[in-house]
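Below is one structure, written out as structure tokens; the observations come after it.
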Amino acid sequence: MKKYDPQAVEVRWQSFWEEEGYFEVTEDKTRKKYYLLEMFPYPSGKIHMGHVRNYAIGDVVARYKWMRGFNVLHPMGWDAFGMPAENAAIENNTHPAKWTYENIDYMRAQLQRMGFSYDWDRELATCRPEYYRWEQLVFLKMFNEGLAYRKKTYVNWCGLCQTVLANEQVVDGCCWRHLDQEVVLKEMDSWFLKITDYAKELLEYCDKLPGWPEKVLTMQRNWIGESHGAIIRFPVIDSDHVIEVFTTRQDTVFGATFLCFAPEHPLVHELTEGSDRAKEVAEFVERTLKVEAFLRTADFTVKEGVFTGRYCLNPATEEEIPIYVANFVLYEYGTGAIMAVPTHDQRDFEFAKKYGLSLRVVIKPEDRDLTEEEMAEAYVDEGVLVNSGQFNGTRNMEALDKIADYLESKGMGHKTVNFRLKDWGISRQRYWGAPIPILYCAKCGVGPVPEDQLPVLLPLDLDLKEGGRSPLPHEASFYETKCPHCGGPATRETDTMDTFVESSWYFDRFTSPRYENGPFDTEKIAYWMPVDQYIGGIEHAIMHLLYSRFYTKVLRDMGYLEVDEPFTNLLTQGMVCKETFRCRQHGYLFPEEVKEGRCMQCGKGIETGSSVKMSKSTKNIVDPQKLIDRYGADTVRMFCLFASPPERDLEWSDEGVEGAWRFLNRVWRLVTENREHLSNAKPYDGILPLSPDLKDIHRKTHQTIKKVTDDIEDRFHFNTAISAIMELLNKINQFLNNSAEISEVAWSAIKEAVDTMVILLHPVVPHITDELWEMLGHPQGLTTVSWPTYREEALEEESRLVVIQVNGKVRSRMEIPVSLAEKEIQDQALRDKRVQSFIGDKEVKRVIVVQKKLVNVVV
RNA sequence: GCGAGAGUGGCGGAACUGGCAGACGCACUGGACUUAGGAUCCAGCCCGCAUUGUCGGAUAGGGGUUCGACUCCCCUCUCUCGCACCA
């Protein structure tokens with residue numbers, strides 16, 4: 001008998017699938033399409049367990065859909081632009097391109113070794129000009145339609161590196177390369193995509209995505225953050241300026257006793273310039289902008305501000321009120337200025353108390369009065385208006401509309417809808433990205449690169465500058481060009497695009513990855529899109545998915561696409577986690593640096609930390625390659641799928657892998673030890689009478705088909721699907737161990753069970769099952785075998801164990817025929833001796849009968 | 001801080017629609033087979049017990065709804081993810 005040798009088995013079937021071209025697909029209008037996509041990886045070096053899990057989940061679904069007869073598109077590619085390539089280039093003195101392409105080659109081989117069913121002919125890498133040229137084209141179209149525009153923004157700047165820092169490169173307000181160098185905010189021109197134009201539609205369609213997890217939709221809704229309110233105009237005293245504020249509480253406008261600017265607001269400088277307050281205000285602004293926005297607006301942060309020395313007119317009361325700059329006001333939200341109503345907003349209240357500003361109650365509870373002097377906190381509940389002129393006595397919820405209308409009639413405001421969502425800043429001052437195809441001409445201004453000059457190639461013969469700076473602004477051969485209008489000298493934009501742009505449309509390109517006449521082949525994209533099932537990490541719940549949705553709508557409006565949404569169904573998988581090891585002296589340790597609970601360098605005992613997401617920084621990583629080498633791909637796949645349901649975090653366990661390995665060996669032995677009988681037997685026809693034992697196996701076989709199908713189809717719970725198959729295996733083994741002699745009809749029933757088990761396992765562990773299927777005497781290749789269906793009559797049971805409760809506590813059980821009527825069940829339960837003893841002489845108030853499950857006697 | 005989730009034995013998890021809490025697996029314990037076992041097979045395995053029982057308790061903690069709550073509602077705690085230039 002052959003021993004299970006996963007390496008040999010897996011290589012054999014991988015070449016078989018490749019030679020047969022199993023997973024190469026074309027548009028076939030006679031078959032139902034199924035587009036399955038997993039989030040493509042960043043080529044960071046080698047695959048990690050997160051990839052393995054993501055792609056194992058996807059592969060089960062893909063193979064399952066193949067077996068159900070779908071025409072399955074299952075592509076793979078590389079999100080290949082990005083900062084890690086630049087960091088690696090500096091560290092290893094190499095080129096980002098070289099590093100990236102080498103990683104791609106290595107990781108492709110690893111994915112192939114995992115046996116994933118990808119159509120490799122469609123592979124794409126976003127760093128190739130054949131890819132990003134179309135991104136540049138779409139950018140130009142967006143520019144022409146006003147969807148891409150330029151505006152000033154603030155970026156993190158390290159004076160020593162002379163470069164812009166990403167948020168993750170800022171450590172405690174300092175540069176990650178220079179931990180004593182404070183990061184400053186620098187104003188800079190940046191390109192933005194007008195996602196806010198689509199805010200309303202993005203929000204509305206959250207209700208039209210039933211295949212998405214509700215939690216993701218909720219997060220997206222909150223991120224878009226629609227709020228209804230009003231713009232109110234406050235004229236500045238001794239000035240032509242009018243300050244616009246956005247508020248959702250226009251009902252409190254009579255209580256607005258001061259006004260606050262966000263530190264970034266351009267009027268701050270303008271209104272204070274040349275005054276004696278200019279210096280103090282400027283210092284406050286500078287100090288405040290160093291603190292991250294979410295920190296400085298946090299509830300626990302002390303509300304701080306500075307008086308500008310200027311006043312404006314409250315349009316409702318016509319009183320002069322002071323203008324402040326405050327740390328808790330966000331420039332990005334609303335208009336970047338607020339009217340402050342200290343009596344009815346807690347932040348405003350704290351601010352007013354700190355700076356001795358006046359308060360005026362304008363809403364009071366119906367049952368009592370409120371006085372400014374006695375208030376210890378803002379009154380934020382509903383109530384009735386007071387001190388509000390003609391609106392006194394109106395309920396505040398009704399006043400919202402009335403006051404908005406009143407302000408509008410006076411030309412001092414209007415109702416509006418505001419979104420929390422900001423436009424998408426896509427400019428990156430980086431080298432390893434797609435160039436933004438824009439030209440600057442001294443005479444003609446900002447303009448697009450003519451379409452026939454695309455792509456704007458990213459030159460690959462450049463090296464990063466000191467501190468990781470992009471070489472593009474320093475390379476005349478790149479940025480020097482001619483203006484297409486006047487023929488005079490022009491310069492190119494040297495910023496590159498956010499890599500989220502590439503990942504916002506790669507799924508479209510997969511439908512026609514080699515198409516040369518445009519971004520997409522219209523017919524192919526129409527056949528395949530939308531993606532039927534998208535699978536990826538929960539960490540992408542907001543940004544990547546929202547950007548992709550936005551981009552889809554833009555492409556639709558440009559006429560490239562017919563769909564409104566890119567992903568019909570979404571599965572967000574959890575993280576792969578593992579405990580951390582830490583040595584007092586040597587910090588975090590890799591698992592292989594620990595021996596018997598001690599650091600291998602110094603021999604000191606180590607601290608075991610709680611289980612967190614596997615990452616290089618905490619060194620709690622397991623290299624999938626080592627597991628593949630030791631156990632084979634099938635075992636690794638099996639473990640990932642069995643250990644927890646996909647949407648939950650997966651707790652890593654070396655022993656668990658061992659368990660998966662043992663299970664596959666049990667399956668292997670069952671087939672190889674009984675190969676003669678099994679390959680000669682005829683599968684059970686469902687008609688010949690069976691002994692109770694065999695009937696049990698027959699029933700279990702069909703129950704397992706139902707269970708596994710439901711688990712995969714309805715909720716992707718592969719862990720319970722696999723445990724059901726384990727139960728079937730246990731049942732078969734039990735029968736074989738307990739039977740001295742096995743009849744022909746018995747072998748038929750066993751054959752049916754074993755065949756079924758092998759088929760059901762195929763999507764999870766495709767290699768071993770293809771091998772066993774062949775041994776069982778079938779023609780090669782399970783991918784083309786139909787998924788089994790269960791027979792309803794095979795599931796039927798004659799009797800059922802029903803629980804009897806008295807007052808909700810289980811007191812007895814009875815085996816009753818399933819056909820028994822409710823009345824009969826009730827009578828039989830009440831006759832039960834144990835039940836009788838618990839009822840005693842108490843009165844039976846109620847009897848609840850739940851068919852096939854339980855009887856509850858209430859006394 | 002804000003937004004969103006999660007919390008069940010020693011561990012991963014199961015219980016899908018409110019109906020037997022702990023399926024399946026791991027670890028552990030005992031036994032069988034064996035020259036040997038990190039193989040295999042069999043059995044046990046939530047906690048408690050001065051009533052070993054078809055007993056009592058137990059699903060982060062507290063309260064509520066219900067004949068009945070891991071499941072629904074309220075409060076608290078802990079952990080995870082996201083927070084717009086990481087991917």
Side-chain angles (χ1 to χ4, degrees), chain A residues 39 41-42 44 79 81-84 153 155-156 164-170 190 213-216 218-223 225 292-301 332 421-430 498-500 503 537-544 546-547 572 574-575 577 610-613 639 642-645 647-660 662-663 665-666 669 710-711 714-715 717 719-720 722-727 730 733 737 801-813 834 845-848 850 853-859:
Chain A
M39 290 179 186
Y42 178 79
S44 52
D79 188 12
F81 273 137
M83 218 170 42
T153 184
V155 293
N156 302 311
V164 176
L165 299 177
N167 285 344
E168 72 156 15
Q169 296 174 317
V170 179
S190 284
E214 199 49 49
K215 63 172 171 178
V216 174
T218 308
M219 282 192 265
Q220 295 223 341
R221 283 188 194 106
N222 291 341
W223 185 261
E292 278 177 276
F294 86 84
L295 203 64
R296 71 170 213 253
T297 57
D299 271 1
F300 61 81
T301 305
E332 307 280 0
L421 182 69
K422 301 186 288 198
D423 276 339
W424 175 13
I426 58 152
S427 288
R428 299 290 181 273
Q429 297 68 37
R430 301 244 160 71
D498 179 7
T499 57
F500 269 128
S503 56
I538 182 67
E539 69 273 21
H540 293 294
I542 296 177
M543 300 183 66
H544 161 62
L546 194 65
Y547 291 148
T572 50
M575 308 287 158
C577 301
S610 62
S611 185
V612 293
K613 178 186 174 179
F639 171 73
F642 180 62
S644 69
E647 70 273 14
R648 280 255 277 258
D649 285 351
L650 186 151
E651 200 67 38
W652 185 260
S653 151
D654 291 330
E655 293 81 15
V657 181
E658 194 72 35
R662 279 207 291 269
F663 169 72
N665 273 283
R666 280 205 293 280
R669 279 197 306 276
D710 290 350
D711 279 349
D714 299 345
R715 38 176 218 166
H717 277 205
N719 57 332
T720 49
I722 292 169
S723 72
I725 298 172
M726 286 174 168
E727 287 180 40
N730 291 347
N733 274 335
N737 290 341
L801 192 68
V802 166
V803 165
I804 313 174
Q805 298 179 330
V806 178
N807 281 350
K809 278 197 190 301
V810 180
R811 295 305 182 188
S812 185
R813 293 178 170 82
R834 274 195 51 83
K845 282 191 188 153
R846 245 175 106 182
V847 180
I848 291 142
V850 182
K853 282 201 173 130
L854 63 68
V855 179
N856 189 12
V857 181
V858 185
V859 297

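Residue numbers start from 1 in every chain, and the chains themselves are labelled A, B, ... in the order their sequence lines are given, proteins ahead of strands. This is a predicted model, so every value here is computed, not measured.
- Using a 4.0 Å heavy-atom distance criterion, A/Arg662 is classed as a sugar-phosphate-only contact.
- With B/rG56, B/rC81, B/rC85 as the candidates, the nucleotide lying closest to the side chain of A/Arg811 is B/rG56.
- Of the candidate nucleotides B/rC85, B/rG13, B/rC67, B/rC67 has the atom nearest to the side chain of A/Val858.
- Residue A/Lys809 places its side chain closer to B/rG57 than to any other of B/rU80, B/rG57, B/rG82.
- Across all strands, A/His544 comes closer than 4.0 Å to no nucleic acid atom at all (heavy-atom distances).
- Rounded to whole angstrom, the span from the CE atom of A/Met543 across to the P atom of B/rC85 amounts to 5 Å.
- Considering only the side chain of A/Arg648, B/rA6 comes nearest among B/rC41, B/rA6, B/rC85.
- The side chain of A/Met219 approaches B/rA4 more closely than any other nucleotide in the set B/rC26, B/rA15, B/rA4.
- Ring geometry for A/Trp652 versus A/Phe639: interplanar angle over 60°, hence perpendicular rather than tilted (30 to 60°).
- Atom C1' of nucleotide B/rU40 and atom CG of A/Asn730 are separated by 14 Å, given to the nearest angstrom.
- The A/Val803 side chain lies nearest to B/rC20 when the options are B/rC20, B/rC81, B/rA15.
- For B/rC41, the paired base is B/rG31 (Watson-Crick or G-U wobble, both distances below 3.5 Å).
- Using a 4.0 Å heavy-atom distance criterion, A/Gln429 is classed as a base contact.
- Counting non-hydrogen atoms under 4.0 angstrom, A/Arg666 reaches the backbone sugars and phosphates but no base.
- Syn is the conformation of B/rG9, whose glycosidic angle sits no further than 90° from 0.
- Look at B/rG7: its Watson-Crick or wobble partner, with both distances under 3.5 angstrom, is B/rC77.
- One finds a salt bridge joining A/Glu214 and A/Arg221 here, because a Lys/Arg side-chain nitrogen approaches an Asp/Glu carboxylate oxygen to under 4.0 Å.
- Between A/Tyr547 atom OH and B/rC85 atom C1' there is a gap of 10 Å when expressed in whole angstrom units.
- What separates CD of A/Glu651 from P of B/rG12 is a distance of 6 Å, to the nearest Å.
- Ranking B/rA23, B/rC85, B/rA87 by closeness to the A/Asn156 side chain, first place goes to B/rC85.
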